[in-house]
Every structure is written in C-alpha cells, then in structure tokens.
Amino acid sequence: MREYLLTLCITAAVTYLLTGPVRKFAIVAGAMPEIRARDVHREPTPRLGGIAMFFGLCAGLLVADHLTNLNQVFETSNEPRALLSGAAVIWLIGVLDDKFELGALIKLGGQMVAAGVMILQGLTILWLPIPGVGTVSVTPWQGNLLTVALVVITINAVNFVDGLDGLAAGMVCIAAAAFFLYTYRIWYGYGAEAAAPATLFSAVLMGMCLGFLPHNMHPARIFMGDSGSMLIGLVLAASAVSVTGQLDVEALNVDLGGSRETTHAMLPVFIPLLMPFTIIAIPAADLILAIVRRTWRGQSPFAADRGHLHHRLLEIGHSHSRAVLIMYFWSALIAFGALAYSVNSASMWIVLGVVFLSAIGLLLLLLPRFTPRAPRWMERFVPPRYRRRGSVAALSPEASTPAATADPHDLAGAEERAPVVAGVAGANGATAIGPRSRLADRRKAGTR
C-alpha cells in the first residue's frame, strides 16, 4: 500500500507543479478559445491542462517501475506499456483539438486508434466471467470489438461530463478511488496477480486528478480540455478492461469446485461486469441522454448543446459549486455502494444506507435555494453569507446608514442561487464579469 501511495503522491505532485507553467504556455500558444454558446464560464480560460496530466501519468509509471513490489507489474505484464502508448495517441489528438478544434469524426477515429494500439500490445478482453455460466472465452475479434467499444464509451462519457469547473476531474477521481479499493482487495485478498495492473492504473489516475483539481476548481484558472478529459477517460477504460477481461475467476484462491460454481458464489465479491460500469454510471447516463436528445431533434449525436445534467442543475437554481458537489455525491454513492455490495451483499445495512443517502441526494436536488445559516452565537466566526439578515449591522457598530446594513455577500449569494437564464449576467458567481455579447449564438444553439 505504501508504494501505491508514493506513486499517487508523485503523480499528483508532478501534475500540480506542471499545471502552472502549462497554463502560461496555453496562453502564449493561443489555446484560449472564445466563449461558446454552451459554455458556463464568463471569461476566456486557457485549455491544454491535459499536458500536465500526461506528464504526471508518465512520472507515476516511471516511479512505479523502480519500486520493489510494483516493478513486478512491469516484468510480468505488458499492460503498463500498452496504456502509455494508447495514452500518448489520445493525448496528441486532444492537444490538437484544444488548439485547432478538430471534427467529431476525427476525434472518434483517434479514440479507436488509441484503443487499437492498446489491443496490439495485449491490453484487451480475453474472457468474460458470467454468473451461472462460468468463464466464457471470447474470440480475438469479439474481444477486440468489446475493448474498442468500452474505451470509446468511457472516453466520450468523461468528455461529455466535462462542463463545469472541477466536475470531470472530481468524478473520475471518485471512480478511481472506488476502483482502486476494489482491485486492491482482489489482488491482495484473493491472490489474483492479474489485478495488479488495474490497481496501479487506478492509483496513477487518482494522482492525475488530485494534482489538477486545485487549478480547476471554481473559478477555474485552466481547463483540462479534450487532451485531459479523453486521457483520463482512456486510463479509466484501461483499468476496466484489465480487470474485466484479463483476470480469470479460476485464478482466485477460492476452492469452490468448478469455474461455474466459483463464478456464481464469488459474484458478491468479484463483480467484473458490474463494477466498471457503475463507476461511470453518471457520465454514461449523461452520454445516453445526450445522444437520444440530439437525434430526436434531428441533430448529430456529437452536436454540442446545453442539455447535460450539470446544465440542468444550474437551470433549476443550483450554484456552480453546489451543482458540482451534487454530481460528486451521486457518483460516490453509486461507485462506493457497488463496492460495499461486493464486500458483503447480505448486509441489510448497506441497502438501507444507500436508500437513506439517495433520499438525501433527492432532497438536495429539490432544494436549490437552501442556504445553511449558522447559529447566532457562531455568526462572528463564519463568512457573512452564512449569517442571518440584519446580523451584519449588529456585528459592525460603525455601519450606521441603511445602505451599510445590507450584506453584500448575502446579495451575492442570493444572486448566485437565482436560476441561471441564458444570456443573463451574473451567473455562477466569481467569474461573471458582464453580459455576453453573442446572444444570437445562444439562440442558434437551441437553448432556452
């Protein structure tokens, strides 16, 4: 575990330290596109954050290769090299897109090429453990098609959800944390060495996201762009492919008879078909809804709009930060709920806990204007936005005029909690600097 933590910390440190210089490079290189109709931010922000994330990935794998225990992953498996090769391809495609705005079909072709590069080096689905049937071997063509499909779906799911400051990096970090605990338990708990590459990939992915998040939280100083969103989507997909199609259930140190009985009995502990999809449940749902919505309107599935889940949270009145936190909450609930089920599916407390937390999540969705207020005895120690109205005048004796008694933070908070309307200045708080000058573009995008 210590070597994994060291790899995570090195990856996060390299990503964090490189993001600042990368931001300056993006500004000099002109990777600051104009604000589009579907964007939420109010001022041009540099992209290319994926450059720092890619070098963080390289640093993490390099450090792991020189550690005593993790070095065995590189000696016994070619999957880390396959991941690095595919990541380099998708990263180059993303960098070009951040600078020159490539077409959707070109990016889709690049995603398939990246998946093909990993397949050629052995990172592909070899068999599928199916409950009640056992381990089912797939033909090379079937395995390759399944691998390409999983990689493309995961990359686009993460790319679609990258619409708010810190949203994609945070959700992927939550998914990677759940996946790390899942694969680590399979490796050390059941002696399945084939789960070691997926465990390493998850640790490195967490480091990439944690190192980039401080620069990307609202208001963001830099965006990861497609070079970052497609990169972390590929790493997440590689982890899922590794543990889903490379790990044979018969390799587990469990003597339950044949493979059919083993697969059926180990389902609560080893859920290779379910776990990879639960960690991207929210992005995948957003992807499916976007495709259905756009094709229903007669548009291309890759046509951009403002109908994503995070956009709808803003429209019903949630602030930018609260919308991101709500998406974090649901991602963590689904991913760690599936993880808890894999540990002990017979516990009723797990089911009750998931139901209770789901009720809390629904309550948060239905109360967009709720703002917590501190008790009066704590009002001197909390920011003004959490104080009751009129408390500022009592706490500030020098405020003698009626205008001075009004709390500007409360007014800003009220403005931030107001429903977001297209073309209205002041949305999303700190980055709102004035009304946009391209209201006609927003109309053309089909937003209301």
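Just so it is clear, the model here is predicted, and its values are computed rather than measured. Scope of the values below: all heavy atoms of this structure, side chains included, with no hydrogens, waters or symmetry mates.
Side-chain N or O atoms of S242 include none that pairs as donor or acceptor with a backbone N or O of A238 at under 3.5 Å. D97 places no side-chain N or O within 3.5 Å of a backbone atom of I93 that could act as its donor or acceptor partner.
The shortest heavy-atom contact between P80 and F74 is CB-CE2, 3.5 Å. Summarising the geometry of A198 relative to S239, their closest heavy-atom pair is CB-O, 3.6 Å, with the distance given to 0.1 Å. When all heavy atoms of G60 and T7 are compared, the closest pair comes out as O-CG2, 3.5 Å. Taking both residues in full, the closest heavy atoms of M171 and S331 are given as CE-OG, 2.9 Å, listed atom of the first, atom of the second, then distance. Nearest approach of L205 to A176, heavy atoms of both residues: CD2-CB, 3.8 Å. Closest heavy-atom contact between S85 and V117: CB-CG1, 3.5 Å.
Within the 4.5 Å cutoff, the side chain of L200 has heavy atoms near those of the V204 side chain.
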Under 3.5 Å, side-chain donor or acceptor atoms of residues 221-237 against the rest of the protein: list the pairs with distances, not counting sequence neighbours.
residue	atom	partner	partner atom	Å
D226	OD2	K107	NZ	2.9
S227	OG	G50	N	3.4
S227	OG	D98	OD2	2.8
S227	OG	M224	O	3.2
S229	OG	N159	OD1	3.1
S229	OG	G225	O	3.2

Next item on the list: May I have the step-by-step check of side-chain hydrogen bond (donor to acceptor under 3.5 Å, both in side chains) for N216 and D165, ending in yes or no?
Entry: CA-CA 6 Å; N216 191 232; D165 297 346; 5.1 Å; no
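Between H215 and Y16, the ring planes lie tilted relative to each other; the angle falls in the 30° to 60° range.
The existence of a salt bridge linking R47 and E101 is confirmed by a sub-4.0 Å separation between a basic side-chain nitrogen and an acidic carboxylate oxygen.
The 12-atom threshold is exceeded at OH of Y184, counting heavy atoms of other residues, nucleotides or ligands nearer than 6.0 Å. The number of heavy-atom neighbours closer than 6.0 Å to OH of Y4, taken from other residues, nucleotides and ligands shown, is above 12.
With sequence neighbours left out, T295 forms a side chain to side chain donor-acceptor pair (under 3.5 Å) with no residue at all.
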